[in-house]
Amino acid sequence: MADQSIQDIIPDNDQTRARHEHLNSLRQLVGNVYPNKFTRSQVVEPGHEDTITAIGARFRAYEPTIAEGDKPTPEEIEKANQELNKVTVRLAGRIAAPPRVMGKAAFVHLSDGAGRLQVYVRKADVKAVNNDTGALIEEEGKGWELFGLLDHGDFIGAEGYLFVTRTGELSVHVQTLQFLAKALLPLPDKMHGINDPELRQRQRYVDLIAGSLKLDREEGELTPREVFERRSAIIRELRGYLEEHGYIEVETPMLTPLATGAAAKPFETYHNALGIPLYARIAPELYLKRLLVGGFEKVYELNRNFRNEGISSRHNPEFTMLEFYWAYADVNQMMDFCEEMIRTTVMKAVGDTKVRFGEHEFAFSQPFRRLSMREAIATSWRLRFQYCQSAVEIVDEWFDDGKRIAFLAQFLKLLGLASLDPVMEQAFIGAERQKYLNQEFAFAWENARTYQELTDSRGQQASAVAEDLLYLFEELAEPTLIQPTFIYDYPKPISPLSKASPTDPTVAERFELFIAGMEWANGFSELNDPAEQFQRFNDQVQQRERGDEEAMVMDEDYIRALSYGMPPAAGIGIGIDRFTMLLTNRQSIRDVILFPHLRPERKREETEDPPTSE
RNA sequence: GGGCCGAUAGCUCAGUCGGUAGAGCAACUGGCUUUUAACCAGUGGGUCGCAGGUUCGAGUCCUGCUCGGCUCACCA
């Protein structure tokens, strides 16, 4: 470690050598090459420093309106410049592209990360600032010399007056130039930016720079910066909506003695002073409900959860969750509230209720569909097996019958959906294909009959039926739920923290929101009977003992809290990362998390070690 | 963890049947005082992810490994 060199980080090649040489020459010319500040003008709004974006927004209206490929007339330019030339600005930014030098004058674009503005530098009248004294270097040609030592990516400050060029672009005619900071590493290609997803995620700073400097942008495509600005807007709007409706934000422990509130494997750590293991929380749920016991009627928490599970395009080990609880409300009121909150957030954060996500477009202005889980399975069964004669004879009542549910789950496992996807192929289905599907169906059906004894006994166990129902739902229905749809009436055994329905004791008052075949929110009427909660925890503990690592553990303090009385309440969790994916049209969670988890980079020295045999 | 695909100049990418490593952008030198993917002329730049193997000869074929992408399983 001690013999690490900066050369391991900044490689020695023609690009970096040129930049180092420029930096050394700049040091001779202006002194301190890492000055402490640059004071910008306040032309647009007194009290606020001018940014490149702000100057562009304020003065771009002076650009003559011209057709594509045309140039404005000298009269139009003269008219704009009469006003613009009176405005002197001091701006700072990053050099957004290699300077275009034409002998004794040059153009270059500056970027503030969001917007860009062109500056014009002329050998005859540009002056450099000495960074040690802060004074202008009066010697002839020094400003132009400084300009010549600038590279794509450097930060500079510039003072000058506004004008429009012969082609009609708003620009700054620079009179004084101050060097602010060097980009010693070369920036990505100005046209293509950076494509390697590994580089983009590992070095998000480069991704953000490249996205803002890239010239070749597709229409409607969000830059990485815009994705994260939208993420921020989504979070801001959700908070605002909840605050408006009387919720208060709370912070509950991230490090907890028990990993509770969800079914997941936790990260474990150790507290030295207490001498106990601690777990990174997998959900704040049980703490938030303790606050309902404590008398808060509306609470929310918007923060990170941690789960020690796989990493994929939809899973990051730490992810952001919004959870909130509403005393005296039930699951139906929560669905209404959730729907309106999402509709409002989409409208405010995206600026439109129409959202495109991959091949789908959603109209959030429309009421969300609502289906019970059984209705959803029955509907999708008819849709997916519409070309199988024997399948359409199955009626909805089958999905209320435990033995038949167990049988259908067995049948579906034997059939396998890989060979049969009528949803995808219904448009192209032919007579031969239909005949084949019917044969496959009949074969799997007969095959499933040989398991009937097993499925009949399975059908008498509530938890097994719950699993089979969920299996049918996930296999058949989930992929068909494209437009926003609430699914309600979840089997009770898979919902250990939710209250049973008053009309059907086998189902929980629980719902999930599906969009584009994926789950986006999970809410329920909260179980507040300590005796029943104790029993449900015990069931979970038994499942855990049977080897289910993700079954919940007993939380005695939570039972004690409920024993002081918790008001009836509804609660919900919404995954913010996935919600951001939906509203920014990103297919990977890594595109909406600034620094997603990746395997650590291996240094070359380490790879030279002989591989350990394992 | 399984399957499929990928890694070549700073960036984006070609590289045919196994026969001296290529382009555009970027960099460097010269020219050019309103350009805009500026232009014109020239120059330099490579551990072909890593380690083995086959071969007279490997970017190319084989094996192992590393990292990444997609996908399946688990999950939000």
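Residue numbers begin at 1 in each chain, while the letters A, B, ... track the order of the sequences. Every heavy atom of this structure was used, including side-chain atoms; hydrogens, water molecules and symmetry mates were not.
- Rounded to an integer number of Å, the gap from A:Phe107 CZ to B:A37 C1' is 16 Å.
- With C1' as the reference atom, B:A73 and B:G52 are 33 Å apart, rounded to whole Å.
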Quiz item: In the 5'-to-3' direction, what one-character label does each nucleotide of nucleotides 3-14 of chain B receive under the scheme B = base within less than 4.0 Å of a protein heavy atom, S = sugar-phosphate only, - = no such atom?
Solution: -------BBSS-

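- Not one side-chain nitrogen or oxygen of A:Ser313 sits closer than 4.0 Å to the OP1 or OP2 atom of B:G69.
- A sub-4.0 Å separation between OP1 or OP2 of B:G24 and a side-chain N or O of A:Lys190 is absent.
- Among residue pairs with one or both ends in residues 15-26 of chain A, those qualifying as salt bridge (charged side-chain N to carboxylate O under 4.0 Å, His left out) are A:Asp12-A:Arg17; sequence neighbours excluded.
- The distance between atom CD1 of A:Ile311 and atom C1' of B:A73, rounded to the nearest whole Å, is 16 Å.
- A salt bridge is defined here as a Lys NZ or Arg NE, NH1 or NH2 lying under 4.0 Å from an Asp or Glu carboxylate O, and A:Asp112 with A:Arg94 fails to meet this definition.
- Partners of A:His360 by side chain to side chain donor-acceptor pair (under 3.5 Å), not counting sequence neighbours: none found.
- Contact between the side-chain N/O atoms of A:Gln201 and the OP1/OP2 oxygens of B:G69 is found at a separation under 4.0 Å.
- In this structure, A:Lys182 forms no cation-pi arrangement with A:Phe155, as its terminal cationic atom is not both closer than 6.0 Å to the ring centre and no more than 45° off the ring axis.
- Summary of the strand contacts: A:Asp577 and A:Ser171 both lie near RNA chain B, and taking for each the nucleotide with the nearest heavy atom, the more 5' one is attributed to A:Ser171.
- A sub-4.0 Å separation between OP1 or OP2 of B:G68 and a side-chain N or O of A:Arg202 is present.
- Rounded to whole Å, the distance from CZ on A:Arg166 to P on B:A38 is 18 Å.
- Within the nucleic acid shown, A:Arg307 comes within 4.0 Å of at least one base atom, counting heavy atoms only.
- Applying the side-chain contact (heavy atoms from CB on, under 4.5 Å) test to A:Pro188 and every residue at least two apart in sequence or in another chain returns A:Ile194, A:Val206, A:Ala210.
- Residue-level contact check: A:Arg116 touches neither bases nor backbone, having no heavy atom under 4.0 Å from any strand.
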Self-check item: Footprint string (nucleotides 28-33 of chain B, 5' to 3'): B base within contact, S backbone only, - free, heavy atoms under 4.0 Å
Solution: S---BB

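- Checking B:U66 for Watson-Crick or G-U wobble geometry (two distances, each under 3.5 Å) identifies B:A7 as its partner.
- Across B:U12 and B:A37, the matching C1' atoms stand 14 Å from one another, rounded to whole Å.
- When the P atom is compared between B:G18 and B:A58, the two are found 14 Å apart, to the nearest whole Å.
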Can you list, pair by pair, the side-chain donor-acceptor contacts under 3.5 Å of residues 587-595 of chain A, counting residues two or more places apart and other chains?
residue  : atom : partner  : partner atom : Å
A:Gln587 : NE2  : A:Asn585 : OD1          : 3.4
A:Ser588 : OG   : A:Arg590 : N            : 3.1

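- Taking atom P on both B:U71 and B:U29, the two are 47 Å apart, rounded to the nearest angstrom.
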For residues 483-491 of chain A, which side-chain donor-acceptor pairs fall under 3.5 Å, sequence neighbours excluded?
residue  : atom : partner  : partner atom : Å
A:Gln483 : NE2  : A:Glu361 : O            : 2.9
A:Thr485 : OG1  : A:Gln483 : O            : 2.7
A:Tyr490 : OH   : A:Glu512 : OE1          : 3.1

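- Base engagement by A:His109 is indicated by at least one non-hydrogen atom pair under 4.0 Å involving a base atom.
- Rounded to a whole Å, the CZ atom of A:Phe319 is 14 Å from the C1' atom of B:C74.
- Among the atoms of the strands shown, base atoms are found under 4.0 Å from some heavy atom of A:Glu169.
- Taking atom C1' in both B:G44 and B:C56, the straight-line distance is 33 Å, to the nearest Å.
- Applying the salt bridge (charged side-chain N to carboxylate O under 4.0 Å, His left out) rule to A:Asp125 yields the partners A:Arg122; only residues at least two apart in sequence or on another chain are considered.
- Remark: the separation of the P atoms in B:U47 and B:C11 is 12 Å, to the nearest Å.
- Ring-centre distance between A:Phe179 and A:Phe147: not below the 6.0 Å cut-off.
- One can place CD of A:Glu63 at 14 Å from C1' of B:U34, the figure rounded to the nearest angstrom.
- Counting to the nearest Å, the P atom of B:U34 and the CD1 atom of A:Ile66 are 18 Å from each other.
- Residues A:Glu323 and A:Lys289 are not paired through a salt bridge, judged by the lack of any N-O separation under 4.0 Å between the basic side chain and the carboxylate.
- Between A:Arg590 and B:G69 there is a side-chain N or O to OP1 or OP2 distance below 4.0 Å.
- Using Watson-Crick or G-U wobble geometry with both donor-acceptor distances under 3.5 Å, B:A27 finds its partner in B:U43.
- Between A:Arg100 and the phosphate of B:A38, there is a side-chain N or O to OP1/OP2 separation shorter than 4.0 Å.
- The separation of B:G15 from B:U8, taken at their P atoms, amounts to 14 Å, rounded to a whole angstrom.
- The side chain to side chain donor-acceptor pair (under 3.5 Å) check on A:Lys142 picks up A:Glu145, with sequence neighbours excluded.
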